[in-house]
Amino acid sequence: MESAEPVHRAPSRTQRVTAAMVASLAGVSTATVSLVANGKTQGRVSEDNISRVRQAIAELGYVVDGIGSSLAKGVSSIVILVAPDISNPFFAKVIAGVRESLGSEYQLLLSVTDAGEFPRADDVRMLLALRPAGLLVDAPNAAFLEDLSVAGPLVLLDAPGLEGYAPSVNLDVAHGARELAAHLAASGHKRVAYVDSVTGTATFEVRRAAFLDEAHSCGISIADSHIVSTTIDVGAAAAAFADAWPDWQRAGVTAVVCGTDTHAYGVLQEARVAAVRIPEELAVAGFDDLPYSATSNPSLTSVHLPATPLGLKAGEQLRRLMEDRELEQPQLTLESSLVIRGSTASIPANAGSLSAH
């Protein structure tokens, strides 16, 4: 009496498919399954066995255990990008640049926070258990980097003043901030307000300080009461402006500079609600030069920061480190520039009559 052929039942949805299951179905060893699954078959596995293993993988829905492989090798193909609040659309362009530079050889994992909160070193250290090939940190501050104290390939993005911690790709935000202050002064503005981010990262400190310093040199007055901070959110910025505008208007404020375009969109939104004419009564400007800024009504004057090139260059630098290649320039700086549009194009009617404090 002939013995019955073995019956291979598909695993249930809750059952984890293993290499041993694939090997059993294909009639090969688990080592052969590993070679096929990881693309290392040349000169080591016959075409017939490759075909049978691939058919078994497809039938069972087998997925390579990347974490297990990384533990065996000591490192994975994962790259972690730490970002403080990706609700800012600017980060979407940075991420796109990073993704393009890493290519298909690496998998990008994001470590993000809620709006207005900065990443905690403890949270990032938990992810380091995945044995990432490299780490990117966007817009950090010194306290975070000191607390993290990570070994291995690390590149910083948009981290002015923190170049001593690791190779970095920075944006010359101070240059654009100074250009913006000079533009407003040349347009006749004497009293200006500033809407900042609450995140507390170095890049926002630099853009604010550079703008305030140049504004003071140009004869523009910015009182402490004319500086407010919110999360990078249109609604939050709109609410902050609505609350502050009556006092700012009485004080003769004729321009509002925002730490991001997202903040500026909130100011523009609330200004329309309050029937404030832009730019005749109030000029508005931001940082980032997001795509919508060119088509908003009115179009938004903004400091252009090259987000996608920032991600591209940072990813390229990290790849070189991960592949044990020397960096030709450990510290890179990308230029910023002022793009003047309709939101500041005209001098407000009352600007000429104001004097600096």
Side-chain angles (χ1 to χ4, degrees), residues 70 73-86 88 90-113 118-175 199-207 288 305-336:
S70 71
K73 294 184 295 183
V75 68
S76 71
S77 61
I78 294 172
V79 169
I80 296 174
L81 170 59
V82 181
D85 181 9
I86 61 167
N88 182 356
F90 180 81
F91 284 121
K93 300 176 73 174
V94 174
I95 292 167
V98 171
R99 181 63 266 168
E100 182 178 340
S101 64
L102 292 179
S104 59
E105 295 93 333
Y106 297 96
Q107 302 302 311
L108 185 62
L109 177 66
L110 299 180
S111 174
V112 301
T113 63
F118 195 80
R120 297 188 311 163
D122 286 345
D123 293 337
V124 177
R125 275 194 290 268
M126 291 176 62
L127 292 175
L128 296 181
L130 297 175
R131 309 283 180 90
L135 184 65
L136 295 164
V137 182
D138 195 313
N141 57 29
F144 171 80
L145 294 174
E146 289 173 1
D147 191 15
L148 184 62
S149 186
V150 64
L154 168 66
V155 173
L156 308 180
L157 299 78
D158 199 9
L162 302 176
E163 293 85 354
Y165 288 90
S168 63
V169 182
N170 284 321
L171 301 169
D172 188 3
V173 292
H175 174 74
T199 309
T201 57
T203 182
F204 288 111
E205 294 173 3
V206 168
R207 63 187 72 181
D288 291 342
L305 302 177
T308 302
L310 174 65
L312 276 169
K313 290 296 183 182
E316 289 170 3
Q317 294 284 77
L318 187 64
R319 280 199 68 148
R320 295 186 72 90
L321 292 177
M322 293 186 299
E323 295 167 3
D324 294 321
R325 292 184 289 151
E326 185 177 351
L327 296 181
E328 296 176 2
Q329 286 184 274
Q331 311 299 336
L332 299 175
T333 301
L334 307 181
E335 294 182 358
S336 66

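Side-chain contact between Leu145 and Leu156 is present, with heavy atoms from C-beta onward closer than 4.5 Å. With contacts defined as side-chain heavy-atom distances shorter than 4.5 Å, the pair Met322/Leu102 qualifies. Residues Leu334 and Asp172 are not in side-chain contact: their nearest non-hydrogen atoms beyond the backbone lie 4.5 Å or more apart. Between Asp147 and Arg125 the shortest side-chain heavy-atom distance falls below 4.5 Å. Leu148 has its side chain within reach of Leu135: a pair of non-hydrogen atoms, C-beta onward, lies under 4.5 Å apart. Looking at heavy atoms from C-beta onward, Leu108 lies in side-chain contact with Leu81 at the 4.5 angstrom threshold. Contact check for Thr308 versus Leu310: no side-chain heavy atoms found under the 4.5 Å cut-off. The shortest distance between side-chain heavy atoms of Phe144 and Val82 falls below 4.5 Å.
The CG atom of Asn141 sits 7.5 Å away from the CG atom of Leu162 when rounded to the nearest 0.5 Å. From Thr201, atom OG1 reaches atom CG of Asp138 across 8.5 Å, with rounding to the nearest 0.5 Å. Of the inter-residue distances, the one linking Ser101 atom OG with Glu316 atom CD reads 6.0 Å to the nearest 0.5 angstrom. Note: Thr203 OG1 to Phe90 CZ = 7.5 Å, rounded to the nearest 0.5 Å. Note that CG of Leu157 is 10.0 Å distant from CD of Gln317, once rounded to the nearest 0.5 Å. Distance check: Leu130 CG to Ile80 CD1 gives 6.0 Å after rounding to the nearest 0.5 Å.
The shortest non-hydrogen separation linking Pro153 to Ala133 is CG-O, 3.4 Å. Closest approach of Pro132 and Leu127 over heavy atoms only: CD-O, 4.2 Å. The shortest heavy-atom contact between Glu105 and Arg319 is OE1-NH1, 3.5 Å. The two atoms that bring Leu305 and Arg207 nearest to each other are CD1-NH2, 3.8 Å, heavy atoms only. When all heavy atoms of Ala174 and Val206 are compared, the closest pair comes out as CB-CG1, 4.1 Å. Considering all non-hydrogen atoms of both residues, Glu335 and Pro306 come closest at O-CD, 3.4 Å.
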May I have the step-by-step check of side-chain contact (heavy atoms from CB on, under 4.5 Å) for Leu171 and Thr333, ending in yes or no?
CA-CA 5 Å; Leu171 301 169; Thr333 301; over 6 Å; no
The test is side-chain contact (heavy atoms from CB on, under 4.5 Å); show your working for Val124 and Ser111 and say whether it passes.
CA-CA 7 Å; Val124 177; Ser111 174; 4.1 Å; yes
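Under 3.5 Å, the side chains of Glu163 and Asn170 contain a donor-acceptor pair of N or O atoms. Side-chain contact of Gln107 with Ser77: a donor-acceptor pair under 3.5 Å is absent, judged by distance alone.
No donor-acceptor distance shorter than 3.5 angstrom exists from the side chain of Glu326 to the backbone of Leu321, with no hydrogens or angles considered.
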